[in-house]
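Structure first, then comments.
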Amino acid sequence: MTQPSTVVIAGFGPGLGEALQRRFQQGGHEVVGVARRGDPRWATDLRIPAATQDLFRRLDQEMPPLAGVIHNAMFFLREPFMSTRPEALEAVWQSMVMTAFNTSQAAIPRLKAQGGGALIFSGASGSLRAGPGFAAFSSAKFALRGLAQALAREHGEDGIHVAHVVIDGLIRSDKTRQRFGERPASDLIDPEALAEHYWHLFHQPASAWSHETDIRPTSLSMARHPGASS
């Protein structure tokens, strides 16, 4: 890299967020992690359009030009459909869809003006299939995937690489351990390895962009590909 540039991680937190921060800093980018409760300098409620626009105006003033955004916001909710309150559904959608909408509307004009950049969205197993108890979560993840597809088709000609990563499995982290208990290493996605995947996706040449990729741990890869050697 000849010029410094900024990568925004929207929905920043431990685990993948921190691994992404380390990888992109190692690669020479300035990294701004944004969450409602995080670094006080950049703490922003990305559910609010005006607050999101204000954040990007401050980035214009205080940071190098924007290289792109990684949207990594997550609101995990699993409960029976008939027990899901409308307020809970709205909270899930606000967290994972509205934040992506607001962030993209703020980032795209800046990326377009400078000739391009990257928008990467973190999906999940629930982006592709929905099971019992996942009406709120999967409906939001389906919507996020649709948003990414629309942006890719609308803004690819502006030099903006839009990609959606289906994280089909659990990422190793303290939060995963607390929520799901101890799991063997083969059941978990290593966050550093996942961050490396995002790095390569972020820097793909325009002649060979990937729009959607899927990542899963060893145990799921083996289970879903019976021909794989044991």
Side-chain angles (χ1 to χ4, degrees), residues 1-36 38-46 49-74 99-123 144 147-148 150-165 167 191-213 215:
M1 289 169 39
T2 57
Q3 297 290 333
S5 60
T6 299
V7 174
V8 172
I9 302 175
F12 180 78
L16 177 58
E18 291 178 343
L20 288 167
Q21 182 182 52
R22 288 190 291 270
R23 182 61 186 92
F24 279 78
Q25 286 177 338
Q26 178 188 4
H29 292 285
E30 297 288 338
V31 177
V32 174
V34 181
R36 278 178 284 167
D39 182 345
R41 183 182 179 189
W42 305 115
T44 303
D45 189 343
L46 297 172
T52 307
Q53 291 290 345
D54 180 66
L55 167 70
F56 277 80
R57 283 192 289 269
R58 289 192 288 120
L59 290 172
D60 291 340
Q61 297 168 0
E62 301 179 35
M63 299 297 292
L66 184 69
V69 174
I70 298 173
H71 181 269
N72 196 46
M74 169 67 78
T99 58
F101 179 89
N102 291 336
T103 304
S104 298
Q105 282 205 330
I108 285 172
R110 291 164 168 82
L111 297 177
K112 182 176 178 180
Q114 63 192 33
L119 293 175
I120 301 181
F121 299 92
S122 295
L144 182 66
L147 176 64
L151 295 182
R153 292 183 171 94
E154 189 168 344
H155 291 287
E157 64 183 15
D158 297 323
I160 300 173
H161 179 197
V162 181
H164 178 252
V165 182
I167 303 174
E192 305 295 335
L194 185 54
E196 188 69 26
H197 179 78
Y198 276 68
W199 169 263
H200 288 294
L201 195 60
F202 201 94
H203 294 92
Q204 281 182 330
S207 63
W209 278 348
S210 299
H211 169 63
E212 186 165 82
T213 64
I215 304 294

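Given the structure is predicted, the values throughout are model-derived calculations rather than measurements.
- Asn72 places no side-chain N or O within donor-acceptor distance of the main-chain N or O of Phe12, the cut-off being under 3.5 Å.
- Between Arg23 and Glu196 there is a salt bridge, since a side-chain N of the basic residue sits under 4.0 Å from a carboxylate O of the acidic one.
- Heavy atoms of other residues, nucleotides or ligands lying less than 6.0 angstrom from CZ of Phe56 number more than 12.
- A 6.0 Å sphere centred on CZ of Arg58 holds more than 12 heavy atoms belonging to other residues, nucleotides or ligands.
- No donor-acceptor pair closer than 3.5 Å links the side chain of Ser5 to the backbone N or O of Ala67.
- Using a 4.5 Å heavy-atom threshold, the side chains of Ser104 and Val69 count as separate.
- A side-chain N or O of His197 and one of Thr213 form a donor-acceptor pair less than 3.5 Å apart.
- In this pair, His29 and Phe24 present their aromatic rings tilted. The plane angle is within the 30 to 60° band.
- The shortest distance between side-chain heavy atoms of His203 and Tyr198 does not fall below 4.5 Å.
- Residues Gln204 and His161 form a side-chain contact, since some pair of their non-hydrogen atoms from C-beta on lies under 4.5 Å apart.
- Taking NE2 from His164 and CD1 from Ile120, the interatomic distance works out to 11.5 Å, rounded to the nearest 0.5 Å.
- Side-chain contact check for Ile9 versus Val32: every heavy-atom pair is 4.5 Å or farther apart.
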